[in-house]
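Following: one structure in C-alpha coordinates, then a few remarks.
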Amino acid sequence: MHTGLVVIGGSLGALEVLRAILLALPASFPAPVAVVLHRGPDKGVLAKFIGRDTPLLVADACDKDRLLPGRVYLAPADYHLLVDDEYLALSTEGPVNGSRPAIDVLFETAADAYRERLIGVLLSGNSRDGVAGLARIKQRGGLTVVQDPATSDAPRMPAAAVGAGVADRILPAAEIGPFLVATVIAARKWL
Amino acid sequence: MNETSPPTCADVARSHSEIDDLTGAIFRQYGYDFRHYARASLGRRLSLCLADEKLQDFTALRERVVHDPDCMQRVLFRLSINVTAMFRDPLFFSALRRQAVPWLRTFPTVRSWVAGCSTGEEAYSLALLLMEEGLYERSRIYATDMSATALAKASAGIYRLKDMQSHTKNYLQAGGDGDFSQWYTANYGKAKMSDELKRNLLFAQHNLVTDSVFNEFHLVLCRNVMIYFDRELQARVHDLIYHSLAMFGILGLGNKESLAFTPYESCYETLDSANKLYKKVR
(Lines give C-alpha, C1' and ligand atoms only; values in the text may rest on other atoms or scores of the structure.)
Protein backbone atom coordinates (compact mmCIF):
# COMPACT_ATOMS: atom_id res chain seq x y z
CA MET A 1 0.00 0.00 0.00
CA HIS A 2 1.59 3.24 -1.06
CA THR A 3 1.61 6.64 0.61
CA GLY A 4 -0.08 9.58 -1.01
CA LEU A 5 1.48 12.00 -3.46
CA VAL A 6 1.81 15.72 -3.97
CA VAL A 7 2.13 17.04 -7.51
CA ILE A 8 3.06 20.61 -8.32
CA GLY A 9 2.99 22.40 -11.65
CA GLY A 10 4.25 25.82 -12.55
CA SER A 11 5.56 28.02 -15.30
CA LEU A 12 6.69 31.63 -15.44
CA GLY A 13 7.08 33.01 -11.92
CA ALA A 14 6.75 29.65 -10.21
CA LEU A 15 10.36 28.91 -9.36
CA GLU A 16 10.59 31.03 -6.23
CA VAL A 17 7.17 29.91 -5.08
CA LEU A 18 8.23 26.28 -5.43
CA ARG A 19 11.37 26.93 -3.39
CA ALA A 20 9.30 28.57 -0.68
CA ILE A 21 6.90 25.63 -0.60
CA LEU A 22 9.69 23.10 -0.27
CA LEU A 23 11.38 25.12 2.46
CA ALA A 24 8.18 24.79 4.50
CA LEU A 25 8.16 20.97 4.28
CA PRO A 26 9.95 19.06 7.05
CA ALA A 27 12.38 16.21 6.39
CA SER A 28 9.69 13.86 7.70
CA PHE A 29 7.09 14.91 5.13
CA PRO A 30 5.48 11.55 4.36
CA ALA A 31 4.50 12.01 0.73
CA PRO A 32 6.81 12.19 -2.28
CA VAL A 33 6.54 15.34 -4.39
CA ALA A 34 6.61 15.37 -8.19
CA VAL A 35 7.03 18.65 -10.03
CA VAL A 36 6.69 19.97 -13.54
CA LEU A 37 8.19 23.38 -14.19
CA HIS A 38 8.24 24.53 -17.77
CA ARG A 39 11.96 24.59 -18.37
CA GLY A 40 14.83 24.28 -20.76
CA PRO A 41 17.81 21.99 -20.48
CA ASP A 42 20.53 22.54 -17.91
CA LYS A 43 23.17 20.31 -16.32
CA GLY A 44 21.36 19.69 -13.06
CA VAL A 45 21.54 23.33 -12.05
CA LEU A 46 17.81 23.68 -11.57
CA ALA A 47 17.58 20.75 -9.17
CA LYS A 48 20.53 22.06 -7.16
CA PHE A 49 19.07 25.54 -6.98
CA ILE A 50 15.66 24.33 -5.90
CA GLY A 51 17.13 21.84 -3.44
CA ARG A 52 19.41 24.28 -1.68
CA ASP A 53 18.30 24.74 1.95
CA THR A 54 15.57 22.11 1.94
CA PRO A 55 16.11 18.81 3.80
CA LEU A 56 14.22 17.02 1.03
CA LEU A 57 16.28 15.46 -1.74
CA VAL A 58 15.57 17.28 -5.02
CA ALA A 59 16.63 15.73 -8.33
CA ASP A 60 15.63 15.37 -11.95
CA ALA A 61 13.44 12.29 -12.27
CA CYS A 62 14.78 9.25 -14.09
CA ASP A 63 12.68 6.68 -15.87
CA LYS A 64 11.26 4.08 -13.49
CA ASP A 65 12.26 6.00 -10.35
CA ARG A 66 10.33 4.75 -7.35
CA LEU A 67 8.24 7.41 -5.61
CA LEU A 68 9.64 7.70 -2.08
CA PRO A 69 8.91 10.08 0.79
CA GLY A 70 11.56 12.69 1.47
CA ARG A 71 12.18 13.16 -2.25
CA VAL A 72 11.21 15.77 -4.79
CA TYR A 73 11.23 14.66 -8.42
CA LEU A 74 11.55 17.25 -11.18
CA ALA A 75 10.43 16.56 -14.70
CA PRO A 76 13.64 16.67 -16.78
CA ALA A 77 13.90 19.01 -19.74
CA ASP A 78 12.33 17.75 -22.97
CA TYR A 79 10.56 14.76 -21.37
CA HIS A 80 7.03 14.39 -20.05
CA LEU A 81 6.82 13.04 -16.50
CA LEU A 82 4.15 10.42 -15.84
CA VAL A 83 3.03 8.62 -12.70
CA ASP A 84 2.79 4.86 -13.14
CA ASP A 85 1.53 3.49 -9.81
CA GLU A 86 4.39 3.85 -7.31
CA TYR A 87 6.86 4.71 -10.04
CA LEU A 88 7.62 7.58 -12.33
CA ALA A 89 7.87 7.14 -16.06
CA LEU A 90 9.17 9.37 -18.81
CA SER A 91 7.91 9.95 -22.31
CA THR A 92 9.05 11.83 -25.39
CA GLU A 93 5.54 12.32 -26.75
CA GLY A 94 4.97 15.60 -28.53
CA PRO A 95 4.42 18.80 -26.55
CA VAL A 96 1.10 19.18 -24.76
CA ASN A 97 -0.25 22.71 -24.42
CA GLY A 98 2.95 23.77 -26.13
CA SER A 99 5.16 22.27 -23.43
CA ARG A 100 7.32 19.30 -22.79
CA PRO A 101 7.33 18.64 -19.85
CA ALA A 102 3.63 19.37 -19.53
CA ILE A 103 1.79 19.83 -16.25
CA ASP A 104 -1.36 18.16 -17.61
CA VAL A 105 0.52 14.92 -18.30
CA LEU A 106 1.83 14.70 -14.73
CA PHE A 107 -1.48 15.71 -13.16
CA GLU A 108 -3.64 13.38 -15.27
CA THR A 109 -1.49 10.31 -14.75
CA ALA A 110 -1.15 11.12 -11.04
CA ALA A 111 -4.94 11.46 -10.75
CA ASP A 112 -5.48 8.09 -12.38
CA ALA A 113 -2.92 6.35 -10.15
CA TYR A 114 -3.47 8.06 -6.79
CA ARG A 115 -7.10 9.23 -6.94
CA GLU A 116 -8.08 10.67 -3.53
CA ARG A 117 -4.58 10.17 -2.08
CA LEU A 118 -3.35 13.13 -4.08
CA ILE A 119 -2.89 16.88 -3.72
CA GLY A 120 -2.37 18.90 -6.89
CA VAL A 121 -0.90 22.40 -6.73
CA LEU A 122 -0.95 24.83 -9.65
CA LEU A 123 1.32 27.87 -9.48
CA SER A 124 2.09 31.01 -11.43
CA GLY A 125 2.24 30.86 -15.22
CA ASN A 126 0.89 32.22 -18.46
CA SER A 127 -0.14 29.06 -20.27
CA ARG A 128 -3.27 26.94 -19.96
CA ASP A 129 -1.23 23.89 -19.05
CA GLY A 130 -2.40 22.27 -15.84
CA VAL A 131 -6.04 23.32 -15.87
CA ALA A 132 -7.34 20.11 -17.42
CA GLY A 133 -4.98 18.12 -15.19
CA LEU A 134 -6.25 19.83 -12.07
CA ALA A 135 -9.81 19.09 -13.18
CA ARG A 136 -8.92 15.40 -13.48
CA ILE A 137 -7.37 15.41 -10.01
CA LYS A 138 -10.55 16.90 -8.59
CA GLN A 139 -12.70 14.48 -10.57
CA ARG A 140 -10.81 11.52 -9.13
CA GLY A 141 -11.25 12.70 -5.56
CA GLY A 142 -7.96 14.50 -4.97
CA LEU A 143 -7.50 17.91 -3.37
CA THR A 144 -6.63 20.88 -5.60
CA VAL A 145 -4.76 24.02 -4.59
CA VAL A 146 -4.15 27.03 -6.80
CA GLN A 147 -1.80 29.90 -6.12
CA ASP A 148 -3.86 33.05 -5.66
CA PRO A 149 -3.64 34.85 -9.03
CA ALA A 150 -3.38 38.12 -7.14
CA THR A 151 -0.02 37.00 -5.73
CA SER A 152 1.23 35.37 -8.94
CA ASP A 153 3.86 36.99 -11.13
CA ALA A 154 2.07 35.46 -14.09
CA PRO A 155 -1.59 35.10 -13.12
CA ARG A 156 -3.16 33.61 -16.28
CA MET A 157 -2.62 29.94 -15.46
CA PRO A 158 -3.90 30.00 -11.89
CA ALA A 159 -6.71 32.37 -12.93
CA ALA A 160 -7.80 29.91 -15.61
CA ALA A 161 -7.97 27.16 -13.00
CA VAL A 162 -10.01 29.34 -10.67
CA GLY A 163 -12.26 30.34 -13.54
CA ALA A 164 -12.81 26.72 -14.48
CA GLY A 165 -13.97 26.00 -10.95
CA VAL A 166 -11.34 23.35 -10.28
CA ALA A 167 -9.65 24.90 -7.25
CA ASP A 168 -10.58 23.54 -3.83
CA ARG A 169 -8.27 26.09 -2.19
CA ILE A 170 -6.90 29.38 -3.49
CA LEU A 171 -3.91 30.41 -1.42
CA PRO A 172 -1.23 33.08 -1.47
CA ALA A 173 2.23 31.67 -2.20
CA ALA A 174 3.45 31.86 1.41
CA GLU A 175 0.56 29.76 2.73
CA ILE A 176 0.81 26.83 0.32
CA GLY A 177 3.69 25.03 2.08
CA PRO A 178 2.15 25.23 5.57
CA PHE A 179 -1.20 24.12 4.12
CA LEU A 180 0.41 21.01 2.60
CA VAL A 181 2.10 20.18 5.89
CA ALA A 182 -1.11 20.59 7.89
CA THR A 183 -3.19 18.57 5.44
CA VAL A 184 -0.80 15.72 4.79
CA ILE A 185 0.41 15.17 8.34
CA ALA A 186 -3.07 15.49 9.80
CA ALA A 187 -4.76 13.03 7.49
CA ARG A 188 -4.49 9.47 8.78
CA LYS A 189 -4.97 7.99 5.35
CA TRP A 190 -1.61 9.36 4.27
CA LEU A 191 0.43 7.46 6.82
CA MET B 1 3.87 16.85 -33.88
CA ASN B 2 0.21 17.51 -33.16
CA GLU B 3 -0.66 18.58 -29.66
CA THR B 4 -3.69 16.85 -28.20
CA SER B 5 -4.93 15.88 -24.81
CA PRO B 6 -6.64 12.56 -24.38
CA PRO B 7 -10.44 12.36 -24.20
CA THR B 8 -11.75 12.14 -20.66
CA CYS B 9 -11.58 8.48 -19.77
CA ALA B 10 -14.25 6.43 -18.12
CA ASP B 11 -13.43 4.54 -14.93
CA VAL B 12 -9.71 3.84 -14.76
CA ALA B 13 -10.00 0.19 -13.77
CA ARG B 14 -12.27 -0.56 -16.68
CA SER B 15 -9.92 1.25 -19.00
CA HIS B 16 -6.98 -0.86 -17.72
CA SER B 17 -8.77 -4.09 -18.53
CA GLU B 18 -9.90 -2.67 -21.87
CA ILE B 19 -6.26 -1.95 -22.65
CA ASP B 20 -5.34 -5.51 -21.68
CA ASP B 21 -8.07 -6.82 -23.99
CA LEU B 22 -6.80 -4.58 -26.77
CA THR B 23 -3.15 -5.58 -26.45
CA GLY B 24 -4.17 -9.23 -26.14
CA ALA B 25 -6.23 -9.03 -29.32
CA ILE B 26 -3.41 -7.29 -31.21
CA PHE B 27 -0.97 -9.97 -30.13
CA ARG B 28 -3.26 -12.80 -31.18
CA GLN B 29 -4.18 -11.20 -34.48
CA TYR B 30 -0.88 -9.69 -35.61
CA GLY B 31 1.87 -10.90 -33.28
CA TYR B 32 2.79 -7.36 -32.14
CA ASP B 33 3.29 -7.55 -28.43
CA PHE B 34 2.37 -4.46 -26.39
CA ARG B 35 1.37 -6.45 -23.35
CA HIS B 36 4.42 -5.33 -21.40
CA TYR B 37 4.55 -1.75 -22.44
CA ALA B 38 4.66 0.72 -19.54
CA ARG B 39 1.09 1.30 -18.52
CA ALA B 40 0.91 5.08 -18.12
CA SER B 41 2.51 6.04 -21.43
CA LEU B 42 0.75 3.23 -23.31
CA GLY B 43 -2.61 4.48 -22.03
CA ARG B 44 -1.87 8.01 -23.18
CA ARG B 45 -0.60 6.92 -26.60
CA LEU B 46 -3.62 4.71 -27.14
CA SER B 47 -5.83 7.65 -26.16
CA LEU B 48 -4.16 9.60 -28.96
CA CYS B 49 -5.07 6.70 -31.27
CA LEU B 50 -8.68 7.03 -30.13
CA ALA B 51 -8.61 10.69 -31.10
CA ASP B 52 -6.98 9.85 -34.47
CA GLU B 53 -9.58 7.19 -35.19
CA LYS B 54 -12.47 9.25 -33.78
CA LEU B 55 -13.50 6.42 -31.48
CA GLN B 56 -14.85 6.59 -27.96
CA ASP B 57 -13.17 3.79 -26.10
CA PHE B 58 -10.58 1.04 -26.29
CA THR B 59 -13.19 -1.64 -26.94
CA ALA B 60 -14.17 0.15 -30.14
CA LEU B 61 -10.49 0.49 -31.06
CA ARG B 62 -9.99 -3.22 -30.50
CA GLU B 63 -12.87 -4.01 -32.84
CA ARG B 64 -11.45 -1.82 -35.58
CA VAL B 65 -7.82 -2.87 -35.21
CA VAL B 66 -8.63 -6.56 -35.34
CA HIS B 67 -10.53 -6.19 -38.62
CA ASP B 68 -8.51 -3.44 -40.31
CA PRO B 69 -4.77 -3.90 -40.92
CA ASP B 70 -4.42 -0.26 -42.02
CA CYS B 71 -5.70 0.78 -38.62
CA MET B 72 -3.11 -1.53 -37.09
CA GLN B 73 -0.35 0.25 -39.02
CA ARG B 74 -1.63 3.61 -37.80
CA VAL B 75 -1.63 2.38 -34.19
CA LEU B 76 1.80 0.89 -34.69
CA PHE B 77 3.11 4.19 -35.99
CA ARG B 78 1.65 6.05 -33.00
CA LEU B 79 3.29 3.61 -30.60
CA SER B 80 6.56 3.91 -32.46
CA ILE B 81 7.21 7.65 -32.28
CA ASN B 82 10.04 8.31 -29.89
CA VAL B 83 12.59 10.72 -31.28
CA THR B 84 11.70 14.17 -32.42
CA ALA B 85 14.87 15.96 -33.33
CA MET B 86 18.20 15.57 -35.06
CA PHE B 87 20.98 15.53 -32.44
CA ARG B 88 18.47 15.48 -29.60
CA ASP B 89 20.58 15.88 -26.47
CA PRO B 90 23.54 17.37 -28.30
CA LEU B 91 25.81 16.62 -25.35
CA PHE B 92 25.22 12.92 -25.97
CA PHE B 93 26.60 13.23 -29.47
CA SER B 94 29.63 15.19 -28.35
CA ALA B 95 30.23 12.51 -25.70
CA LEU B 96 29.94 9.92 -28.46
CA ARG B 97 32.65 11.72 -30.40
CA ARG B 98 34.95 11.82 -27.37
CA GLN B 99 34.30 8.39 -25.86
CA ALA B 100 33.22 6.09 -28.65
CA VAL B 101 34.85 7.32 -31.85
CA PRO B 102 38.49 6.70 -30.81
CA TRP B 103 37.64 3.08 -30.10
CA LEU B 104 35.51 2.65 -33.23
CA ARG B 105 38.44 3.92 -35.31
CA THR B 106 40.39 0.78 -34.46
CA PHE B 107 38.09 -1.40 -36.56
CA PRO B 108 38.28 -1.97 -40.34
CA THR B 109 34.48 -2.14 -40.49
CA VAL B 110 32.28 -0.43 -37.92
CA ARG B 111 28.79 -1.80 -37.44
CA SER B 112 26.25 0.36 -35.60
CA TRP B 113 22.66 -0.35 -34.69
CA VAL B 114 20.08 2.35 -34.02
CA ALA B 115 17.39 0.30 -32.30
CA GLY B 116 13.91 1.79 -32.41
CA CYS B 117 14.88 4.44 -34.97
CA SER B 118 11.31 5.68 -35.56
CA THR B 119 11.35 8.30 -38.34
CA GLY B 120 15.13 8.24 -38.63
CA GLU B 121 16.42 11.47 -37.14
CA GLU B 122 18.85 9.75 -34.81
CA ALA B 123 20.14 7.46 -37.55
CA TYR B 124 20.91 10.43 -39.80
CA SER B 125 22.53 12.21 -36.86
CA LEU B 126 24.83 9.24 -36.31
CA ALA B 127 25.58 8.98 -40.03
CA LEU B 128 26.51 12.64 -40.12
CA LEU B 129 28.72 12.31 -37.06
CA LEU B 130 30.55 9.32 -38.54
CA MET B 131 30.94 11.20 -41.82
CA GLU B 132 32.57 14.15 -40.05
CA GLU B 133 34.82 11.83 -38.08
CA GLY B 134 36.02 10.16 -41.27
CA LEU B 135 34.48 6.82 -40.27
CA TYR B 136 31.54 6.70 -42.61
CA GLU B 137 33.21 4.86 -45.48
CA ARG B 138 33.92 1.86 -43.29
CA SER B 139 30.64 2.06 -41.39
CA ARG B 140 27.47 0.12 -41.78
CA ILE B 141 24.55 1.60 -39.90
CA TYR B 142 21.49 -0.55 -39.32
CA ALA B 143 18.48 1.44 -38.20
CA THR B 144 15.48 -0.63 -37.23
CA ASP B 145 11.93 -0.06 -36.08
CA MET B 146 8.76 -2.12 -35.78
CA SER B 147 6.68 0.33 -37.83
CA ALA B 148 6.81 0.13 -41.63
CA THR B 149 5.26 3.59 -41.79
CA ALA B 150 8.02 5.06 -39.63
CA LEU B 151 10.67 3.27 -41.70
CA ALA B 152 9.22 4.59 -44.94
CA LYS B 153 9.54 8.12 -43.61
CA ALA B 154 13.04 7.38 -42.34
CA SER B 155 14.16 5.98 -45.71
CA ALA B 156 12.76 8.95 -47.54
CA GLY B 157 14.64 11.22 -45.14
CA ILE B 158 12.33 14.16 -45.75
CA TYR B 159 11.65 16.43 -42.80
CA ARG B 160 10.13 19.84 -42.24
CA LEU B 161 12.59 22.54 -43.24
CA LYS B 162 11.88 24.71 -40.23
CA ASP B 163 12.62 21.76 -37.97
CA MET B 164 15.95 21.20 -39.69
CA GLN B 165 16.81 24.84 -39.28
CA SER B 166 16.10 24.64 -35.55
CA HIS B 167 18.18 21.46 -35.34
CA THR B 168 21.22 23.40 -36.54
CA LYS B 169 21.77 24.64 -33.00
CA ASN B 170 21.76 21.04 -31.74
CA TYR B 171 24.18 20.05 -34.48
CA LEU B 172 26.62 22.78 -33.45
CA GLN B 173 26.35 21.96 -29.75
CA ALA B 174 27.02 18.33 -30.60
CA GLY B 175 30.41 19.37 -31.98
CA GLY B 176 29.45 19.55 -35.62
CA ASP B 177 32.26 21.26 -37.43
CA GLY B 178 30.76 21.79 -40.83
CA ASP B 179 27.78 23.44 -42.33
CA PHE B 180 24.70 21.50 -41.32
CA SER B 181 22.76 22.69 -44.34
CA GLN B 182 25.19 20.92 -46.69
CA TRP B 183 23.63 17.64 -45.57
CA TYR B 184 20.14 18.39 -46.84
CA THR B 185 18.51 20.06 -49.80
CA ALA B 186 15.63 22.43 -49.18
CA ASN B 187 12.52 22.66 -51.32
CA TYR B 188 8.93 23.74 -50.71
CA GLY B 189 9.31 23.89 -46.95
CA LYS B 190 10.88 20.43 -46.83
CA ALA B 191 14.41 19.26 -46.25
CA LYS B 192 15.62 16.07 -47.93
CA MET B 193 18.64 14.35 -46.38
CA SER B 194 21.60 13.99 -48.70
CA ASP B 195 22.07 10.70 -50.57
CA GLU B 196 25.65 10.77 -49.30
CA LEU B 197 24.30 10.06 -45.83
CA LYS B 198 22.19 7.16 -47.01
CA ARG B 199 24.82 5.07 -48.76
CA ASN B 200 25.84 2.99 -45.75
CA LEU B 201 22.61 3.42 -43.84
CA LEU B 202 20.09 0.61 -43.98
CA PHE B 203 16.58 0.92 -42.60
CA ALA B 204 14.88 -2.37 -41.82
CA GLN B 205 11.98 -3.73 -39.86
CA HIS B 206 12.78 -5.32 -36.53
CA ASN B 207 10.70 -5.60 -33.39
CA LEU B 208 12.69 -5.37 -30.16
CA VAL B 209 9.99 -7.26 -28.28
CA THR B 210 9.51 -10.25 -30.54
CA ASP B 211 12.55 -10.50 -32.82
CA SER B 212 16.00 -11.82 -32.03
CA VAL B 213 19.66 -10.99 -32.47
CA PHE B 214 20.52 -10.41 -36.10
CA ASN B 215 24.12 -9.21 -36.06
CA GLU B 216 27.00 -8.24 -33.80
CA PHE B 217 27.63 -4.53 -33.38
CA HIS B 218 30.35 -2.23 -32.13
CA LEU B 219 27.84 0.46 -31.23
CA VAL B 220 24.19 0.20 -30.22
CA LEU B 221 22.00 3.24 -29.67
CA CYS B 222 18.68 2.54 -28.00
CA ARG B 223 17.63 5.91 -26.72
CA ASN B 224 14.28 6.78 -25.22
CA VAL B 225 12.81 3.54 -26.51
CA MET B 226 12.81 1.42 -23.38
CA ILE B 227 11.08 4.14 -21.38
CA TYR B 228 7.94 2.81 -23.04
CA PHE B 229 8.50 -0.73 -21.75
CA ASP B 230 7.78 -2.12 -18.30
CA ARG B 231 10.65 -3.54 -16.24
CA GLU B 232 10.11 -7.08 -17.38
CA LEU B 233 10.24 -6.12 -21.02
CA GLN B 234 13.21 -3.83 -20.43
CA ALA B 235 15.10 -6.81 -19.01
CA ARG B 236 14.30 -8.90 -22.10
CA VAL B 237 15.41 -6.12 -24.44
CA HIS B 238 18.62 -5.63 -22.47
CA ASP B 239 19.26 -9.31 -23.00
CA LEU B 240 18.82 -8.85 -26.75
CA ILE B 241 21.07 -5.79 -26.79
CA TYR B 242 23.76 -7.46 -24.71
CA HIS B 243 23.89 -10.39 -27.10
CA SER B 244 24.01 -8.02 -30.07
CA LEU B 245 27.08 -6.20 -28.82
CA ALA B 246 30.64 -7.27 -29.50
CA MET B 247 32.84 -7.54 -26.43
CA PHE B 248 33.89 -3.96 -25.53
CA GLY B 249 31.07 -2.72 -27.72
CA ILE B 250 29.40 0.54 -26.72
CA LEU B 251 25.79 1.11 -25.70
CA GLY B 252 24.12 4.50 -25.66
CA LEU B 253 20.88 5.10 -23.74
CA GLY B 254 18.61 8.13 -23.39
CA ASN B 255 19.48 10.98 -21.13
CA LYS B 256 17.28 9.89 -18.22
CA GLU B 257 17.56 6.13 -18.63
CA SER B 258 19.99 3.85 -16.90
CA LEU B 259 21.25 0.31 -16.54
CA ALA B 260 20.42 0.31 -12.83
CA PHE B 261 18.29 -2.64 -11.75
CA THR B 262 18.64 -4.32 -15.15
CA PRO B 263 20.07 -7.84 -15.27
CA TYR B 264 23.15 -6.83 -17.28
CA GLU B 265 24.14 -3.86 -15.14
CA SER B 266 27.36 -5.47 -13.96
CA CYS B 267 28.39 -6.47 -17.50
CA TYR B 268 29.02 -2.89 -18.52
CA GLU B 269 31.51 -0.28 -17.45
CA THR B 270 30.25 3.30 -17.44
CA LEU B 271 32.08 5.44 -19.99
CA ASP B 272 30.06 8.57 -19.36
CA SER B 273 27.43 8.55 -16.63
CA ALA B 274 25.93 11.93 -17.48
CA ASN B 275 25.51 11.00 -21.14
CA LYS B 276 24.62 7.32 -20.64
CA LEU B 277 27.42 5.66 -22.56
CA TYR B 278 28.44 2.18 -21.47
CA LYS B 279 31.05 -0.35 -22.59
CA LYS B 280 30.40 -4.10 -22.50
CA VAL B 281 33.23 -5.61 -20.48
CA ARG B 282 32.04 -9.09 -19.58
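Each chain gets a letter, A, B and so on, in the order the sequences are listed, and its residues count up from 1.
For the pair A/T92 and B/R88, the minimum side-chain heavy-atom distance is below 4.5 Å. Counting heavy atoms from C-beta outward, B/L48 and A/E93 have side chains that approach closer than 4.5 Å.
Interface residue A/V83: only backbone heavy atoms are found under 4.5 Å from chain B. When heavy atoms are compared at a cutoff of 4.5 Å, A/A61 approaches chain B solely by way of its backbone atoms N, CA, C and O. Looking at B/S41, both its backbone and its side chain come within 4.5 Å of chain A, counting heavy atoms on both sides. Only the side chain of A/L82 comes within contact range of chain B, with at least one heavy atom under 4.5 Å from a heavy atom of that chain.
Within 6.0 Å of the CZ atom in B/F261, the count of heavy atoms belonging to other residues, nucleotides or ligands does not exceed 12. Shown here is B/K153, whose NZ atom has no more than 12 heavy atoms of other residues, nucleotides or ligands within 6.0 Å. Taking a 6.0 Å sphere around CZ of B/R97, one finds it holds more than 12 heavy atoms contributed by other residues, nucleotides or ligands.
Annotation: residues 229-237 of chain B contacts chain A through B/F229, B/D230, B/R231, B/Q234 [non-hydrogen atoms, separation under 4.5 Å].
To the nearest 0.5 Å, atoms CZ (B/R44) and NE2 (A/H80) are separated by 7.0 Å. Of the inter-residue distances, the one linking A/D78 atom CG with B/K256 atom NZ reads 12.0 Å to the nearest 0.5 angstrom.
Nearest heavy atoms, A/D84 versus B/R39: OD2-N, 3.4 Å.
Considering only heavy-atom pairs separated by less than 4.5 Å from chain B, the leading option among A/V105, A/D60, A/T109 is A/V105.
Checking side-chain atoms of A/Y79 against main-chain N and O of B/N255 turns up a donor-acceptor pair under 3.5 Å.
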